[in-house]
Amino acid sequence: MECGSWKGQGDWEEDWGETYPGKREPAIFVLNVNSGEVHPVEGTNKLSVGQVVWAPASRGLQQYLVFVGWPSDTRKLGIKYCYNRPCALYAVRAPFSKSEDREHGTNAIEEASPVKLTERISSAFFPRFSPDGKALMFLSAKCSVDTWAHSATQSLHRVDWSIDGKPTADADIVDVVPVVMCPEDGCFPGLYSVKLLSKPWLSDGYTMILSSVWGSTEVILSVNMSSGKVSRISPGNSSFSWSLLALDGDNIIAVSSSPSDVPEIKYGSIVGNSSADALASWQDISSPIYRCSEKVTSLLSSRQSIIIKIPVRNITENLTAGANKPYESVFVSSKRKSNDLCDPLIVVLHGGPHFISLSSFSKSLAFLSSIGYSLLIVNYRGSLGFGEEALQSLPGKIGSQDVNDVLAAIDHVIDMGLADPSKITVLGGSHGGFLTTHLLGQAPDKFAAAATRNPVCSLPLMVGTADIPDWCYSETFGHLGKSMYTEAPSSEHLAVFHSKSPIAHISKVKTPILFLLGAKDLRVPICIGLQYARALKEKGTEVKVLVFPEDNHAIDRPQSDFESFLNIGVWFKKHCK
């Protein structure tokens with residue numbers, strides 16, 4: 001039989017994990033819109049490339065492209081949601097047609113190799129040139145790369161750019177906004193941005209506007225490129241979350257929402273004679289996009305949300321100052337009690353663990369709230385938005401510090417008279433599912449029901465099957481995980497993984513639990529949830545498992561998202577009325 005007729009896939013090629021199977025390696029092409037000619041950019045074959053921008057240039061000089069490159073010729077680990085993958089900014093000469101090469105007096109082979117602009121830093125992305133073309137700004141997740149935390153506090157940097165010369169690999173990198181380790185109370189906690197506008201500049205040419213996380217809220221910030229001064233320009237007294245949509249000169253379009261208020265479009269304008277301090281005046285804009293039915297409007301109008309600070313239990317000198325500071329929970333409830341009785345409570349736990357549940361509108365959580373539940377959305381220590389010391393306090397302590405933070409948050413709202421201890425349920429996905437299943441084993445009498453989406457139930461099973469085995473080492477062993485990492489875990493490593501896993505406490509679990517699993521999940525493969533569910537069934541615990549055949553880790557296909565939260569609502573109504 002000839003090889004060409006074989007049914008196999010051929011040589012195995014590594015991919016970037018979750019959501020990336022079957023995807024081709026990205027490449028850069030330049031299209032001449034006048035002639036229709038398409039030219040590939042050479043020299044990027046050992047990089048996964050993206051976020052391409054044109055570099056400014058004077059007329060008649062060579063034109064360069066700047067892009068982000070992730071090394072792709074080594075072991076590829078999952079990149080979705082993971083900022084701990086090394087990346088750098090590169091510059092490469094834009095390809096010209098032969099006639100254009102002759103016009104510029106260049107050789108087509110000349111300067112084909114990209115120039116690495118950010119040799120001195122382990123992470124660089126979102127390149128943005130200043131309006132005058134003299135500076136290249138970029139964000140960095142160097143804390144993530146250097147510590148292996150999948151997400152962490154970011155920093156903002158600047159490289160000087162000469163539009164008359166060629167890019168250089170040894171350019172000085174200027175720290176504009178450094179990593180914030182331990183913010184003062186009420187002060188800027190550091191940068192946490194997932195996107196930048198393509199043109200994020202005010203009319204002064206040196207003030208950048210961006211969205212970031214500040215505690216449990218998303219805010220809009222201004223950053224002075226020269227001084228590094230950071231100012232919050234969305235309302236400082238608001239517990240709503242604000243997200244930047246567009247910017248034109250000194251005119252800003254944003255969206256504002258809360259867990260009980262649907263998104264509304266806002267118009268902001270810079271006030272005063274100078275944008276140096278970038279203070280904004282905000283106005284409402286009537287928008288038909290977010291109008292709801294009368295029934296939905298009525299249900300939401302009966303709900304309210306607040307942000308509650310939760311004191312850390314057992315403050316010790318062994319912790320950093322940032323790790324001893326209070327963390328936060330978003331509490332959503334009815335505006336009025338019925339006969340002074342509390343609604344049943346759903347404790348909502350985000351994944352990551354280095355992620356954040358924002359005080360913004362979520363249709364899924366709004367649905368659960370609207371059917372008669374209060375929500376306690378816990379941003380335990382290790383979450384984004386509270387400074388790097390608080391975030392780095394969690395690796396090495398998963399299954400204990402984060403579990404205790406959740407229990408302390410629950411007890412806090414019970415002591416405030418906001419929850420009935422006999423009517424508490426818990427919901428979490430991914431690392432939130434890790435916490436959910438841990439809580440059922442460590443506090444078996446606390447919860448009336450539970451639901452979990454693609455939970456991390458067994459670290460020994462995950463380390464050998466997931467697209468991020470490095471995560472298991474980093475979160476289990478803390479700062480030692482990076483040096484201990486291996487593709488072949490020892491029996492000692494596996495024993496520690498087991499001791500940190502929810503499945504170590506499974507003998508004590510008795511709470512009815514609903515599992516929602518994505519069959520195409522590469523982050524927390526379906527076998528992990530199924531193993532735990534089967535073990536619970538074996539011991540007689542009430543279990544229901546729903547599998548979504550076409551979904552990956554997020555279970556975010558519209559139909560699947562609808563069905564999963566509808567089933568969660570039904571499950572909680574059955575077990576916690």
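Remark: the backbone N or O of Val219 is not paired with any side-chain donor or acceptor of Thr217 at under 3.5 angstrom. With hydrogens and angles disregarded, a donor-acceptor distance shorter than 3.5 Å links the side chain of Ser123 to the backbone of Ala141. Tyr373 places a side-chain N or O within 3.5 Å of a backbone atom of Lys573 that can act as its donor or acceptor partner. Here the side chain of Trp16 pairs no donor or acceptor atom with the backbone of Lys80 at under 3.5 angstrom. No side-chain donor-acceptor contact under 3.5 Å links Asp175 to the backbone of Val177. For Lys539 (side chain) and Val509 (main-chain N/O), a donor-acceptor pair under 3.5 Å exists by modelled atom type. With Trp471 contributing its side chain and Gly352 its backbone, the two residues share a donor-acceptor pair below 3.5 Å. In terms of modelled atom types and a separation under 3.5 Å, the side chain of Thr486 and the main chain of Pro489 share no donor-acceptor contact.
Note on residues 344-372: pairs passing ring-ring contact (aromatic ring centres under 6.0 Å, His included), not counting sequence neighbours, are His150-His354, His350-Tyr380. Counting only residues at least two apart or in different chains, salt bridge (charged side-chain N to carboxylate O under 4.0 Å, His left out) contacts with residues 397-420 comprise Arg313-Asp411, Arg381-Asp405, Asp411-Lys446.
Side-chain contact check for Ser359 and Ser241: at least one donor-acceptor pair (N or O, by modelled atom type) lies under 3.5 Å. Residues His575 and Thr425 have side chains that never bring a donor and an acceptor to within less than 3.5 angstrom of each other. In the model, Lys142 has no side-chain atom that pairs as donor or acceptor with a side-chain atom of Ser140 under 3.5 Å. In the model, Ser211 has no side-chain atom that pairs as donor or acceptor with a side-chain atom of Trp242 under 3.5 Å. If you check the side chains of Ser122 and Asp146, you find a donor sitting under 3.5 Å from an acceptor. A donor and an acceptor atom, one from each side chain of Glu218 and Ser212, are nowhere located under 3.5 Å apart. Thr437 and Tyr532 form no side-chain donor-acceptor contact under 3.5 Å, judged by distance and modelled atom types alone. In this structure, a donor-acceptor pair under 3.5 Å is present between the side chains of Ser564 and Arg453. With no hydrogens or angles considered, a side-chain donor-acceptor pair links Asn379 and Ser216 at under 3.5 Å.
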When you look at Phe188 and Arg232, which way does the side chain to side chain contact (heavy atoms under 4.5 Å, CB included) test go after all the steps?
-> CA-CA 8 Å; Phe188 172 61; Arg232 177 174 175 171; over 6 Å; no

Stepwise, does the side chain to side chain contact (heavy atoms under 4.5 Å, CB included) test hold for Val406 with Val347?
-> CA-CA 8 Å; Val406 175; Val347 180; 4.0 Å; yes

Salt bridge (Lys or Arg N to Asp or Glu O under 4.0 Å) assessment of Glu14 paired with Arg75 | CA-CA 8 Å; Glu14 210 148 28; Arg75 168 75 159 100; 3.0 Å; yes

I would like to know whether Asp185 and Lys325 meet salt bridge (Lys or Arg N to Asp or Glu O under 4.0 Å); could you show each step before the answer?
-> CA-CA 9 Å; Asp185 292 346; Lys325 286 180 174 289; 2.9 Å; yes

Assess whether side chain to side chain contact (heavy atoms under 4.5 Å, CB included) is satisfied between Leu536 and Ile506, documenting all intermediate values.
-> CA-CA 7 Å; Leu536 287 178; Ile506 198 167; 3.6 Å; yes

Start with the C-alpha gap between His493 and Ser491, add the side-chain angles, then the distance that decides, and say whether side chain to side chain donor-acceptor pair (under 3.5 Å) holds.
-> CA-CA 5 Å; His493 290 181; Ser491 58; over 6 Å; no

Stepwise side chain to side chain contact (heavy atoms under 4.5 Å, CB included) check, Glu13 with Lys76 = CA-CA 10 Å; Glu13 292 186 10; Lys76 287 182 180 176; over 6 Å; no

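When the ring pair (Phe, Tyr, Trp, His ring centres under 6.0 Å) test is applied to Trp70, no partner is found at least two apart in sequence or on another chain. Under the rule for a side chain to side chain donor-acceptor pair (under 3.5 Å), Lys423 has no partner lying at least two apart in sequence or in another chain. His438 pairs by the ring pair (Phe, Tyr, Trp, His ring centres under 6.0 Å) definition with Phe434, His505, not counting sequence neighbours. Residues meeting the salt bridge (charged side-chain N to carboxylate O under 4.0 Å, His left out) test with Lys309, sequence neighbours left out: Glu328. The salt bridge (charged side-chain N to carboxylate O under 4.0 Å, His left out) search around Lys544 returns none, not counting sequence neighbours. Phe497 meets the ring pair (Phe, Tyr, Trp, His ring centres under 6.0 Å) test with Tyr473, Phe477; sequence neighbours excluded. By the side chain to side chain donor-acceptor pair (under 3.5 Å) test, Lys46 is found to be paired with no residue, residues two or more places apart in sequence or in another chain being considered. Gln401 is linked by a side chain to side chain donor-acceptor pair (under 3.5 Å) to Ser393, counting only residues two or more places apart in sequence or in another chain. For Glu563, the side chain to side chain donor-acceptor pair (under 3.5 Å) partners at least two apart in sequence or on another chain are Gln559. Among residues two or more places apart in sequence or in another chain, the ring pair (Phe, Tyr, Trp, His ring centres under 6.0 Å) test is passed with Trp148 by Tyr485.
Ionic pairing of Lys520 and Glu18 is not present here: no N-O contact between side-chain nitrogen and carboxylate oxygen is shorter than 4.0 angstrom. Remark: Lys363 engages Asp561 in a salt bridge, criterion side-chain N to carboxylate O under 4.0 Å. A salt bridge does not link Lys508 with Asp445: every distance from a Lys NZ or Arg NE/NH1/NH2 to an Asp or Glu carboxylate oxygen is 4.0 Å or more.
The CD atom of Glu550 lies 8.5 Å from the OG atom of Ser560; values are rounded to the nearest 0.5 Å. In this structure, OG1 on Thr465 lies 9.5 Å from CG on Asp467, to the nearest 0.5 angstrom. The CG atom of Asp261 lies 6.5 Å from the OG atom of Ser305; values are rounded to the nearest 0.5 Å. Of the inter-residue distances, the one linking Phe515 atom CZ with Ile528 atom CD1 reads 12.0 Å to the nearest 0.5 angstrom. Remark: Leu89 CG to Phe138 CZ distance equals 5.5 Å, nearest 0.5 Å. To the nearest 0.5 Å, atom CD1 of residue Ile307 and atom CD1 of residue Ile310 are 11.5 Å apart.
Dense packing is recorded around CG of Asp73, with more than 12 heavy atoms of other residues, nucleotides or ligands lying under 6.0 Å away. Counting heavy atoms of neighbouring residues, nucleotides and ligands inside a 6.0 Å radius, atom CD of Glu184 does not exceed 12 of them.
With Leu376 as the partner, the side-chain contact (heavy atoms from CB on, under 4.5 Å) test is satisfied by one option alone out of Val413, Ile424, Val426: Val413. When each of Ile398, Leu459, Val456 is checked for a side-chain contact (heavy atoms from CB on, under 4.5 Å) with Glu475, only Ile398 meets the rule.
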